[in-house]
Structure formats: structure tokens, C-alpha cells
**Q** 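Just passing along the structure, written as C-alpha cells.
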Amino acid sequence: MKTTLAIFRLIVMRAIASIYIEGITSNIELKTTKKEFRGHITLVLFPLVKIIKKPLKQIGKEIGEYVKKHLIIVHSFHLLNGFLNFECSEEYYFKLLKKISKEILFLKSSEEDSLMIEYSSPNTNKPLHLGHIRNHLLGNSISEIFKAFGHNVIKIQIINDRGIHICKSMLAWKKFSSGETPEITFKGDHLIGKYYVAFEKAYKKEVEDLCAKGYEKELAEKQAPIMQEVRKLLLLWEKRNVKTWYHWRNMNSWAYEGIEQTYCSLGIYFDDTQYESKTYLLGKSIIEDGLKKGVFYKKEDGSVWVDFTNVGLDEKLLLRSDGTSVYITQDLGTAVERFELYSIKSLIYIVGEEQEYHFKVLFLILKYMRYAWADRLFHLSYGLVQLLSGKMKSREGIIIDADNLIDEMHKLAQFLTYQKENTLGIGALKYFLLKIDTKKRILYHTKSSIDFNGNTGPYIQYTNARISSLYRKAFTKMYWRNSMIRYYRYSIIGRYEKYLLKYMEQYTEALLLAKKCLIPSIIANYAYNLSKTFNDFYQNVCIINIKNKYDFVFRLFLSKKCGNCLKKTMNLLGIEMPEYV
RNA sequence: GGUCGCGUAGCUUAGUUGGAUAGAGCAUUUGACUUCUAAUCAGAAGGGUGCUGGUUCGACUCCAGCCGUGAUCACCA
């Protein structure tokens with residue numbers, strides 16, 4: 001079924017061909033009429049004046065008349081400031097409502113390609129914070145958007161469970177904890193985070209002491225006893241020392257449990273999980289392959305590099321002189337492995353903007369290596385979440401902790417309502433993070449809490465609860481029966497109903513744009529504007545407290561579909577919509 | 001210094017193939033709950049889009065140059 005815009009495009013093309021010249025396609029600018037003007041579809045006439053070379057008013061009148069004559073859904077047209085606005089008939093709106101409920105809200109799932117989306121890379125040495133939440137929500141939402149179009153999406157996370165930072169909290173726990181283990185009141189990830197901070201504190205003190213003894217800062221940082229000790233621990237780990245691994249596994253299990261709980265309260269899950277401890281050695285064979293192909297080169301000390309100076313980038317190290325791998329080595333290996341193991345067509349990485357350069361280089365290397373899928377790799381980069389004081393610093397404990405924030409939102413929501421479920425608090429938090437354009441950074445003001453009024457998640461949730469309430473009440477009305485739905489076409493449609501229908505019609509467009517640009521905020525804004533349009537209608541038009549049964553049925557049916565639409569869009573953001581508020 | 005983002009009312013922001021009077025929310029202010037959930041609605045006040053040029057019938061949007069701001073350019077991850 002064609003969209004209204006497509007139908008108009010066709011008829012306008014015919015009009016121009018029949019009245020003026022044939023073959024005009026690119027200068028036909030059609031759009032949905034803005035709310036402040038009368039009409040449903042608008043044709044912008046300026047681009048046509050140039051080609052047709054006749055007065056604007058004449059063109060408008062002639063095209064308008066042709067369209068009105070040949071398109072039955074057009075009721076009238078009028079010309080304003082070079083814009084030709086078409087108004088549609090009542091019959092059209094009845095059909096539109098039917099089309100929305102049967103087609104538009106159910107996207108045709110013609111897309112079947114599989115794709116993988118990587119998001120959330122938690123470290124097992126600290127709890128999650130607000131920055132992670134942004135990552136989770138973006139990843140989850142992008143996944144849901146692709147699913148809505150019928151794609152098979154594999155959500156994957158890779159856990160950073162090894163390395164010097166993990167050893168730091170392990171060592172600090174050994175030294176300072178006297179055997180403390182996670183209790184019900186103190187989550188495992190928080191416990192580990194506490195010792196990570198303790199390590200950094202102790203380390204800082206040692207460095208200061210050494211500096212006081214006359215050491216240069218750089219030397220002091222290397223010589224600090226605790227740092228030397230943690231290096232030894234890392235070596236032990238790499239040699240798979242039994243005791244170290246036992247300790248490592250044990251502490252990681254605390255972290256997993258804690259992180260899992262946070263995921264759960266956010267409604268985040270994954271189809272698959274990778275562990276860096278298992279993938280960190282991948283990629284070395286690719287380096288050899290690249291050397292053979294002459295894409296990489298070896299320096300005298302044995303280190304391997306790739307030279308991108310000819311494309312405006314730098315030289316990049318791929319393998320250390322001692323033969324050990326770096327970050328990008330494993331990423332090369334992981335990417336190749338993913339395309340080998342899963343039958344995916346493309347891969348999207350949801351990672352902060354600070355790694356843009358990394359991914360640029362990564363993708364370029366894979367392209368030079370002639371992997372067929374190299375041009376179907378995407379990095380969705382997003383702006384950092386910052387505090388007024390600057391970046392969050394895990395090692396100093398200056399973070400907005402995810403669990404605390406979720407808890408705070410819950411309390412705030414409970415203060416305002418009496419709901420036990422945390423749908424409103426979580427909804428407010430999720431919407432707060434998702435409504436902002438992906439590439440913009442978010443400044444989090446610790447003093448002002450996240451809003452529940454205006455352009456917020458709860459506003460939209462509230463709108464839906466109102467709609468649910470209408471529907472519940474409708475059944476208590478004497479004359480309401482489900483079979484009455486067919487009467488809706490005898491209603492008289494007012495301007496509020498038309499606004500609503502017009503906006504609902506744009507559902508597919510909003511989703512397509514969000515998918516194309518990988519920007520969930522487009523969906524968030526759509527949901528908000530739809531809510532606003534509905535509330536406008538709700539406050540100005542009686543829906544069920546009316547005598548006319550035709551209007552009653554039409555307005556109720558319209559409200560219901562609007563609720564469906566709201567639910568669908570908000571679910572794409574991972575936000576639940578309660579029936580009661 | 002090079003590269004890549006961002007800069008729209010006091011604050012948070014929308015404006016995605018260039019198109020009508022730059023659209024919202026918060027805060028400020030006036031009004032609306034014996035009527036379908038007032039976390040709502042109606043209204044007022046508050047921007048001319050960082051600056052300067054250019055292209056165009058038309059620029060927040062494109063181009064150039066500045067200014068401010070952030071990220072990045074490790075044998076760290």
C-alpha cells in the first residue's frame with residue numbers, strides 16, 4: 001500500500017506532465033502540512049517556477065485543479081505564500097484510521113538480514129555508572145529498532161575481565177579486606193569497586209611518599225611497591241597460576257552477579273557474552289596474514305605496524321616488539337571471529353566518542369585486508385556523560401552510580417505516586433538519556449533531579465494510562481459494544497482528530513529515519529509529540545462523555561490506536577507503559 | 001599543532017534531502033479540576049540560531065574563514 005505522500009507525488013507528476021512538460025521528478029517537493037496551516041499535504045511551488053517558467057499563482061491553481069479533479073481524496077486546495085496545501089475528505093480520514101490500525105503500526109518485516117550489535121563493555125573491577133547506562137539504552141534501542149523492521153539482531157557484550165585494572169582490585173582486596181565478601185546489602189560489583197578505589201588511594205600515597213624522598217614523579221609511579229606487586233600479579237595471571245586464577249574467578253563472579261542485577265533493573269539483556277580473557281589472544285594470525293599480504297610492516301625491533309599516513313592518519317602499532325598484542329589486535333581477531341561464527345551481514349559497535357579514531361583505524365585495516373564485510377561495520381559513537389566538575393572518574397570514586405541512581409528515581413516516583421513498580425522512575429531516567437541526540441554530550445547536574453513533568457518519560461506514560469482508563473470506562477457505558485466499531489465512519493471529524501491522525505501517519509517515517517541515522521532520540525521526540533497531540537485532543541474534545549454514538553466510537557477507536565502507537569514507540573526505547581498511573 | 005564533533009531563549013533541547021511566522025519543556029507569570037486520570041490543558045513573556053562573509057528566489061541547515069568548547073592523535077585499554 002502506498003503512502004499518502006507517494007500517492008500525491010504520482011498525481012502531481014501526472015499533473016505537470018499533462019499541463020506543462022514531461023519528465024519532471026526531482027523538483028517535486030511534497031511534505032505533510034505544518035500544524036499551523038490548514039491542509040494535509042503541501043506542495044512547495046518555488047522549485048517548479050524555475051522549470052515551468054510561469055507565474056507561481058497560475059501554476060498553483062492549475063496543479064491544484066488537476067489534483068482535485070483526479071484524486072478523489074482531495075477535498076479542496078488553497079495557495080499560501082508559494083505553498084499549495086491540499087485538504088483531504090472525511091472519507092480519507094476514516095480510511096487512514098483503518099490503515100493505521102491495520103498496516104502502519106505493523107511494519108512490513110521485509111528485512112531479514114542478521115546483524116550483530118555490540119554494546120556495554122563492563123569491567124569487572126567496578127560497578128556500572130551513568131555513562132554505561134547511556135550505552136546500554138542506546139544499544140538496546142538500536143537493537144529494538146532493527147528488530148521492528150524484521151532484522152535478526154544478535155545483542156552481544158564483551159566483558160573486560162582481565163588486565164592490570166582487574167588485578168588492582170584483586171590485590172587491594174587481598175591486602176586490605178580481611179576477607180570481606182558480598183552481602184545482600186552490599187553488591188559484589190560495589191565491593192570490588194571499593195577495593196579498586198582503595199588501590200588507587202594507596203598507590204597515590206606511595207607515589208607521594210617517594211616524591212617526598214626526592215624521586216622524580218615518573219620514576220616514583222613505576223617504583224611504587226604496590227604497583228610492582230600488581231604487575232607481578234598480572235604476570236602470575238598470564239601464567240595461569242592456580243591460586244591467582246582461583247582468586248580471579250571468585251572475585252569476577254561477584255562482579256557478574258552485581259552487574260547482572262543492574263542489567264535486570266534496567267531491563268537489559270544479551271543474546272551472547274564474550275570475555276576478554278578468552279579473546280585477548282585472538283588476532284595474531286591476522287597480523288601474520290597482513291604481513292604476508294604486505295598490508296603491515298615489521299620494524300627492526302620486531303614490532304608490527306600499519307602505515308596510514310597516506311590517508312591522513314598516523315602509523316599504528318599492531319603488535320608489540322615482544323610479540324604481545326594490543327587493544328586493536330584483539331579487536332581485529334574478534335571481528336573476524338564474529339563474522340566466521342555467526343551468519344551476520346553487518347556489525348554495529350556502540351562505543352563512546354573517545355574511541356572514534358580506534359574504530360576508524362580498525363575498519364580501515366579490515367578493508368585493506370579485503371574482508372568483504374569490512375564496509376558493513378559501523379561505530380555508533382555517542383557523547384560522554386559528564387558532571388559539572390568534568391569527567392566521571394571511577395578510580396577516584398567520582399561517579400554517578402547506576403544502582404544508586406535507579407534507586408533514587410524509584411523513591412522519587414514513589415513519592416509522587418503510590419506505585420510499587422519502578423516503571424515511572426526508570427521511564428524518566430531512560431527517556432532523559434534517550435531524548436538527546438546521540439552525538440551530543442550530556443551534562444548531568446547532580447543537584448537538580450530528573451524531571452517528571454513536561455518533555456519526559458512519565459508524561460508519555462501518563463498519556464497512555466489516560467487512554468487505558470478511557471477504554472476501561474467505555475465498557476461501563478450502556479451503549480458500548482465491540483461490534484460498534486464499524487459505526488465510526490459516521491462520525492464528524494474535527495481538527496484535533498485530524499492532527500492526531502496526521503501525526504500517527506508519520507510513524508513509519510520516524511522509524512525509518514531513526515534506523516537510517518542510528519538515532520533513538522528521533523523516536524523519543526516522535527513519542528513526545530504524539531503524546532502532546534493526544535493530550536491536546538483529550539483536553540479539548542469529549543471522548544466518552546457524549547451522546548452521539550458515532551463520535552463516541554470514532555474518538556475511542558482513535559484514542560486506542562494512539563495508545564498502541566505510543567506503546568510501540570516507547571517499547572523501542574525500552575520504556576514500559578503502565579496501564580495505570 | 002593535525003583530525004573529528006558540538007555551539008539554537010536564563011537552563012535542557014527540536015528542527016535529517018535548504019522552504020511558511022525557528023518548535024517544545026523547565027523556571028517566571030495569568031487562568032482552568034461538581035465533567036473521560038490537573039504528572040494535564042489554554043494563554044503571556046522570553047530566542048532570530050557563536051561571529052564574519054559567500055552560494056541561493058529562500059540558509060539554523062550548504063561553503064569558506066574566525067571564536068568558544070569537547071574528544072582524539074600511546075609498545076594504555
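Chain identifiers are assigned alphabetically (A, B, ...) following the order of the sequence lines, protein sequences preceding nucleic acid strands; residue numbering begins at 1 within each chain.
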**Q** Counting any heavy atom closer than 4.0 Å, what does A:Tyr462 reach on the DNA or RNA strands: base, sugar-phosphate only, or nothing?
**A** base

**Q** Touch check for A:Glu579, heavy atoms < 4.0 angstrom, all strands: base, sugar-phosphate only, or nothing?
**A** base

**Q** Give a yes/no on whether any side-chain N or O of A:Lys473 is located under 4.0 angstrom from OP1 or OP2 of B:U37.
**A** yes

**Q** Measure CG/A:Leu433 against P/B:U13 and give the value in whole Å, please.
**A** 11 Å

**Q** Quantified in whole Å, what is the P atom distance between nucleotide B:G23 and nucleotide B:C60?
**A** 13 Å

**Q** Within the supplied structure, the quantity of interest is the number of heavy atoms (other residues, nucleotides, ligands) at a distance under 6.0 Å from A:Lys54 NZ; does it exceed 12?
**A** yes

**Q** Taking CD from A:Glu354 and P from B:C76, how many angstroms apart are they, rounded to a whole number?
**A** 19 Å

**Q** Select one nucleotide: of B:A20, B:C75, B:C26, the one nearest the side-chain heavy atoms of A:Arg320.
**A** B:C75

**Q** Which part of the nucleic acid, if any, lies within contact of A:Val49, taking any heavy atom under 4.0 Å across all strands shown: a base, the sugar-phosphate backbone alone, or nothing?
**A** nothing

**Q** Give A:Glu276 one of three labels, base, sugar-phosphate or nothing, depending on what nucleic acid heavy atoms sit under 4.0 Å from its own.
**A** sugar-phosphate

**Q** B:C36, OP1 or OP2 - any side-chain N/O from A:Arg555 closer than 4.0 Å?
**A** no

**Q** Nearest of B:U40, B:C75, B:A20 to any side-chain atom of A:Lys34?
**A** B:A20

**Q** If only atom types and distance count, is the side chain of A:Asn135 paired as donor or acceptor with the main-chain N or O of A:Ser120 below 3.5 Å?
**A** yes

**Q** For A:Tyr280, is the NZ or CZ atom of A:Arg162 found under 6.0 angstrom from the centre of its six-membered ring and inside 45 degrees of the ring axis?
**A** yes

**Q** Is there a Watson-Crick or G-U wobble partner for B:C6 with both distances under 3.5 Å, and if so, which one is it?
**A** B:G68

**Q** Go nucleotide by nucleotide along RNA chain B from the 5' end; which of A:Gln539 and A:Lys31 gets its closest nucleotide reached first?
**A** A:Lys31

**Q** For A:Thr124, run the side chain to side chain donor-acceptor pair (under 3.5 Å) check against A:Asn252, A:Asp161, A:Asn160 and tell me which one passes.
**A** A:Asn252

**Q** Base, sugar-phosphate, or nothing: which does A:Asp536 touch, judged by heavy atoms less than 4.0 Å apart?
**A** sugar-phosphate

**Q** Can you tell me the Watson-Crick or wobble partner of B:U28, both distances under 3.5 angstrom?
**A** B:A44

**Q** From the set B:A77, B:U40, B:G70, return the single nucleotide nearest to any side-chain atom of A:Val326.
**A** B:A77

**Q** Anything under 30° is parallel, anything over 60° is perpendicular, the rest tilted; go ahead and classify A:Phe359 against A:Phe363.
**A** tilted

**Q** In terms of side-chain heavy atoms of A:Trp305, which of B:A20, B:G70, B:C75 is nearest?
**A** B:C75

**Q** Could you let me know what B:U17 is paired to, Watson-Crick or G-U wobble, both distances under 3.5 Å, or none if it's on its own?
**A** none

**Q** Pick base, sugar-phosphate or nothing for A:Thr324, based on heavy-atom distances below 4.0 Å to the nucleic acid.
**A** nothing

**Q** What interatomic distance, in whole Å, is found between C1' of B:U49 and the corresponding atom of B:U8?
**A** 4 Å

**Q** Looking for any heavy atom pair under 4.0 Å, which part of the strands does A:Ile519 touch: base, sugar-phosphate only, or nothing?
**A** base

**Q** Hey, which of A:Lys498, A:Lys35, A:Arg495 is the one that makes salt bridge (Lys or Arg N to Asp or Glu O under 4.0 Å) with A:Asp536?
**A** A:Lys35

**Q** Can you identify which nucleotide, out of B:U3, B:C26, B:A20, has its nearest atom closest to the A:Lys360 side chain?
**A** B:U3

**Q** Using 30° and 60° as the class boundaries, would you call the ring planes of A:Phe77 and A:Phe86 parallel, tilted or perpendicular?
**A** tilted

**Q** By nearest heavy atom, map A:Lys50 and A:Asn123 onto RNA chain B; which one lands nearer the 5' end?
**A** A:Lys50

**Q** Which base sits across from B:C60 as a Watson-Crick or G-U pair, both distances under 3.5 Å?
**A** none

**Q** Distance check, P atoms only: B:C26 and B:U40, in whole angstrom units.
**A** 7 Å

**Q** Relative to each other, are the rings of A:Tyr459 and A:Tyr528 parallel, tilted or perpendicular (30° and 60° limits)?
**A** tilted

**Q** Stacking between B:G19 and A:Phe83, yes or no? Criterion: centroid separation under 5.5 angstrom, plane angle under 30 degrees.
**A** no

**Q** Taking atom P in both B:G7 and B:A14, compute the distance separating them and give it to the nearest angstrom.
**A** 8 Å

**Q** With sugar-phosphate meaning primed atoms plus P, OP1 and OP2, does A:Tyr357 contact a base, only sugar-phosphate, or nothing at under 4.0 Å between heavy atoms?
**A** sugar-phosphate

**Q** Is there a donor and acceptor pair, one atom on the side chain of A:Thr42 and one on the base of B:A20, closer than 3.5 Å?
**A** yes

**Q** According to a cutoff of under 5.5 Å between the ring centres and under 30° between the ring planes, does A:Phe46 stack with the base of B:G58?
**A** no

**Q** Expressed as a whole number of angstroms, how long is the span from A:Asn85:CG to B:G19:C1'?
**A** 12 Å

**Q** Ring centres within less than 5.5 Å and planes less than 30° apart: is that true of A:Tyr528 and B:A24 in this structure?
**A** no

**Q** Can you check the distance between B:A45 and B:G10, where both ends of the measurement are the C1' atom (answer in whole Å)?
**A** 13 Å

**Q** Are A:Arg466 and A:Phe534 in a cation-pi setup, meaning NZ or CZ lies under 6.0 angstrom from the ring centre and within 45 degrees of the ring axis?
**A** no

**Q** Choosing from B:G19, B:A77, B:U35, which nucleotide comes nearest the side chain of A:Asn545?
**A** B:U35

**Q** Does A:Lys532 reach a base, just sugar-phosphate, or nothing at all? Heavy atoms under 4.0 Å.
**A** sugar-phosphate

**Q** With heavy atoms under 4.0 Å as the rule, sort A:Tyr538 into base, sugar-phosphate or nothing.
**A** base

**Q** Under 4.0 angstrom, heavy atoms only, what part of the nucleic acid is A:Asn125 near: base, sugar-phosphate, or nothing?
**A** nothing

**Q** From the list B:U37, B:G19, B:A14, which nucleotide is the closest neighbour of the side chain of A:Asp437?
**A** B:A14

**Q** Need one value for A:Gln355: base, sugar-phosphate or nothing, where a base atom within 4.0 Å counts as base even if backbone is also close, heavy atoms only.
**A** base

**Q** Verify the contact: side-chain N or O of A:Tyr459 to OP1 or OP2 of B:C41, cut-off strictly under 4.0 Å; return yes or no.
**A** yes

**Q** Take atom C1' in B:C67 and the same atom in B:A22, then report the distance between them in whole Å.
**A** 24 Å

**Q** Does B:C75 have a Watson-Crick or wobble mate here (both distances under 3.5 Å), and if so which one?
**A** none

**Q** Examine distances only and state if a side-chain atom of A:Ser141 and a backbone atom of A:Leu138 form a donor-acceptor pair shorter than 3.5 Å.
**A** no

**Q** Classify the nucleic acid contact of A:Leu313 as base, sugar-phosphate or nothing, counting any heavy atom under 4.0 Å across all strands shown.
**A** nothing

**Q** Output the single nucleotide from B:A42, B:U69, B:U37 whose closest atom is nearest the side chain of A:Tyr580.
**A** B:U37

**Q** With rounding to the closest Å, how many angstrom separate the C1' atoms on B:G19 and B:G58?
**A** 7 Å

**Q** Taking N and O atoms by type only, does the side chain of A:Ser469 place a donor or acceptor under 3.5 Å from a partner on the base of B:C36?
**A** no

**Q** Tell me the partner of B:U34, counting only Watson-Crick (N1-N3 plus N6-O4 or O6-N4) or G-U wobble (N1-O2 and O6-N3) with both under 3.5 Å; none if nothing fits.
**A** none

**Q** For B:C11 versus B:A74, give the span between their C1' atoms, rounded off to a whole number of Å.
**A** 39 Å

**Q** Determine the contact category for A:Val361: base if any of its heavy atoms lies under 4.0 Å from a base atom, sugar-phosphate if only primed atoms, P, OP1 or OP2 are that close, otherwise nothing.
**A** nothing

